[in-house]
Peer 1: 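Dumping the structure here so I can ask a few things about it.
Here is the naming used below: chain letters follow the sequence lines, and residue numbers restart at 1 for every chain. All of these numbers come straight from a predicted model, not from anything done at the bench. Just so it is clear, the values below take in all heavy atoms, side chains as well, and ignore hydrogens, waters and symmetry mates.
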Amino acid sequence: MLLIDLARTSAAVAADSARLAKVRHLAELLGRVGPDEAEIAIAYLSGELPQRQLGIGWAGLRDLPDPRLAATATLHQVDGLLSRIRAQSGPGSQNARKALVTELFAALTGPEQTFLSRLIRGELRQGALDGVMIEAVAKASGAPTAEVRRALTLRGWLPAVGAAALGGGVEALRAFRLEVGRPVAPMLAQSAPSVTAALEKLGGPAALEWKLDGVRIQVHRSGDEVSVFTRTLDDITAQVPEVAEAVRALPSRDLVLDGEVIALRPDGRPEPFQVTSGRVASRADVAGARRTSPLSVFFFDALRVDGADLLDLPGEERHAALARTLPPELVTPRLVTGDAASGEAFFAEVVRGGHEGVVVKALQSPYAAGRRGAGWIKVKPRHTLDLVVLAAEWGSGRREGRLSNLHLGARDPAGGGFVMLGKTFKGLTDELLAWQTERFLALAEGPADDWTVVVRPELVVEIAFDGVQRSSRYPGGMALRFARVIRYRPDKTADQADTVETVRALMP
DNA sequence: TTCCGACAGTGGGGTCGCAAT
DNA sequence: ATTGCGACCCCACTATCGGAA
């Protein structure tokens, strides 16, 4: 099969807004693809690369060669070159990668270049990723969607699952099982504004667990072999030796556990997220890093214990197995209650302890791997500030032509100006985007660069955020975490906005 | 007919490793 | 030594479609 076939299908998928039409386009192509090309086609059309990462990004795709006229590149040819790009390492590798990118793109037509560069940047923008591709695989293979989903849960890589379905139908899908050593897509949580709201949503008693501000891990143990995976299924075993040691010390030798790793201070309060993040990312001198910032591990779910797969069991049964298998200090603290008042009290206590919040879990729900299932609901406290818009950046994609990303500043009574604390594009409706674009252009003091418009600091906007963190990027040495717009405050002028002192008081 | 679950898109700050300068 | 880039850690929110109610 040729790359142009995929590029054409992708364009057709993008052109139809209806999901069912997207599925039809994708399934039609899957019906034509050969068995040895199915993985590549499914990967590309769901926005992924079989190589996962190439070492090429936005900058590596600047200055592409002119397209050619005849489309001749096959999927195998493209995939082979991408593998060669990925394989480059050591001094000179960056230049070698660029040379290979040039060679690859010089062999492509315009539409192919557009498709492939979007794919490599991770911005396919065709309105279809895994979710739609699952439906397409089901349609093309004749297997029920639920079977495809379940196989994906256990295998964690849709192209492999899709290829199996196209080749062997339902039978092939049923052959996928939970395998110790191969990570499963972790279950995710929805969110709610309060414990009361979360309990209401679940409609009965639930388990409230500490939400630790660390890094999600999935740990597999088979005998003395222990592997630790992140949420995106990357192997971080070497960076977090504390985890393997803790799990190896358990009596059970066959385990798949779900939990969180976090750096705690000697007094038990959490370090800022940056500390945990740094520990998980750093590969050099793990022993030294461990002495400075030791990691603690807490588990909250068990997917397999001693030969038994637990994924389909109710949450409370899985937790019972967890509690039987682990010592209490390795289990995430929790409270089971249906009472909103005691739930709120528990939440307040957790937050006082410096933690992120709680996760409210239905007692009955199975482990819905890879989905934002309704069974888990996270609750976090929310801060708000009234800040001043200092500038705005032009948006992209569906926000093209709209001023989108806001630069936010707090009032600085000492300096008489404003101190930038970060940016946000979240919480804006289409209506608000249109309004603010017009308003900002009226307040414009001129462009700072091609994509940023500096405005007179007059508009006050109410911003919600999760906390304040240390920053080396911004002049005040602080930045807001997860800032989002609540509403504009036309009733306030800039000299009534919150000050940097107010923000500084929120620093941990 | 209306409601709501699931998905995709639109980007945010911080950290590390590594190649290029 | 510094800088720029890529990859990944954390992530919130809105619009839309289509099945559920």
Peer 1: Applying side-chain hydrogen bond (donor to acceptor under 3.5 Å, both in side chains), can you list everything that pairs with A:Asp412, at least two apart in sequence or on another chain?
Peer 2: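 By the side-chain hydrogen bond (donor to acceptor under 3.5 Å, both in side chains) rule, A:Asp412 matches no residue at all.
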
Peer 1: Could you state the CG-P distance from A:Leu188 to B:dA6, rounded to the nearest angstrom?
Peer 2: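 That distance rounds to 12 Å.
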
Peer 1: Of the listed nucleotides (C:dT16, B:dG13, B:dA6), which one gets closest to any side-chain atom of A:Arg398?
Peer 2: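 So the nucleotide nearest the side chain must be C:dT16.
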
Peer 1: Reckon A:Lys211 touches a base, only the sugar-phosphate, or nothing at all at heavy-atom distances under 4.0 Å?
Peer 2: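 Sugar-phosphate, backbone atoms only, no base.
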
Peer 1: Nearest whole Å is fine: how far is B:dG5 P from A:Arg149 CZ?
Peer 2: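 Rounding to the nearest Å, CZ of A:Arg149 and P of B:dG5 are 15 Å apart.
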
Peer 1: Identify, residue by residue, the members of residues 9-21 of chain A with a heavy atom below 4.0 Å from DNA chain C, and return them in order of residue number, or none.
Peer 2: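 The stretch gives A:Ser17, A:Ala18, A:Arg19, A:Leu20 as the residues lying under 4.0 Å from the strand, ordered by number.
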
Peer 1: Whole-Å distance between C:dC9 P and A:Gln218 CD?
Peer 2: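 Checked: the CD to P distance equals 13 Å.
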
Peer 1: When you measure from the side chain of A:Lys426, which nucleotide among B:dG11, C:dA15, B:dG13 comes out closest?
Peer 2: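 So the side chain of A:Lys426 is nearest to B:dG11.
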
Peer 1: Between B:dG9, B:dG13, C:dA12, which nucleotide has the shortest distance from any of its atoms to the side chain of A:Phe425?
Peer 2: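 That would be C:dA12.
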
Peer 1: Both A:Asp430 and A:Ala483 contact DNA chain C. Taking the nearest nucleotide for each, which residue is further toward the 5' end?
Peer 2: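 Of the two residues, A:Ala483 wins.
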
Peer 1: Looking at the side chain of A:Gln274, which of C:dC13, C:dG6, B:dT15 is the nearest nucleotide?
Peer 2: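 Nearest nucleotide to the side chain: B:dT15.
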
Peer 1: Specify the residue among A:Ala59 and A:Arg484 whose closest nucleotide of DNA chain C lies further upstream toward the 5′ end.
Peer 2: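 That would be A:Ala59.
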
Peer 1: Base, sugar-phosphate or nothing for A:Asp213? Non-hydrogen atoms, less than 4.0 Å.
Peer 2: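 No contact.
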
Peer 1: Categorize A:Ser404 for me: base, sugar-phosphate, or nothing, with a 4.0 angstrom heavy-atom threshold over every strand shown.
Peer 2: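 Contact class for A:Ser404: sugar-phosphate only.
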
Peer 1: Could you write nucleotides 16-21 of chain B as a row of B, S and -, 5' to 3', where a protein heavy atom under 4.0 Å of any base atom gives B, of only sugar-phosphate atoms gives S, and otherwise -?
Peer 2: SS-SS-

Peer 1: Could you check whether A:Glu123 gets within reach of a base, just the sugar-phosphate, or nothing at all, counting any heavy atom under 4.0 Å?
Peer 2: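 It contacts nothing in the nucleic acid.
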
Peer 1: Less than 3.5 Å apart, any donor N or O on the side chain of A:Asp258 or A:Tyr367 sitting next to an acceptor on the other?
Peer 2: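 There is such a pair (donor and acceptor under 3.5 Å, judged by atom type) between the side chains of A:Asp258 and A:Tyr367.
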
Peer 1: When you get a sec, tell me which of B:dA8, B:dG13, C:dC11 is the closest nucleotide to the side chain of A:Arg473?
Peer 2: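 Per side-chain heavy atoms of A:Arg473, the pick is B:dG13.
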
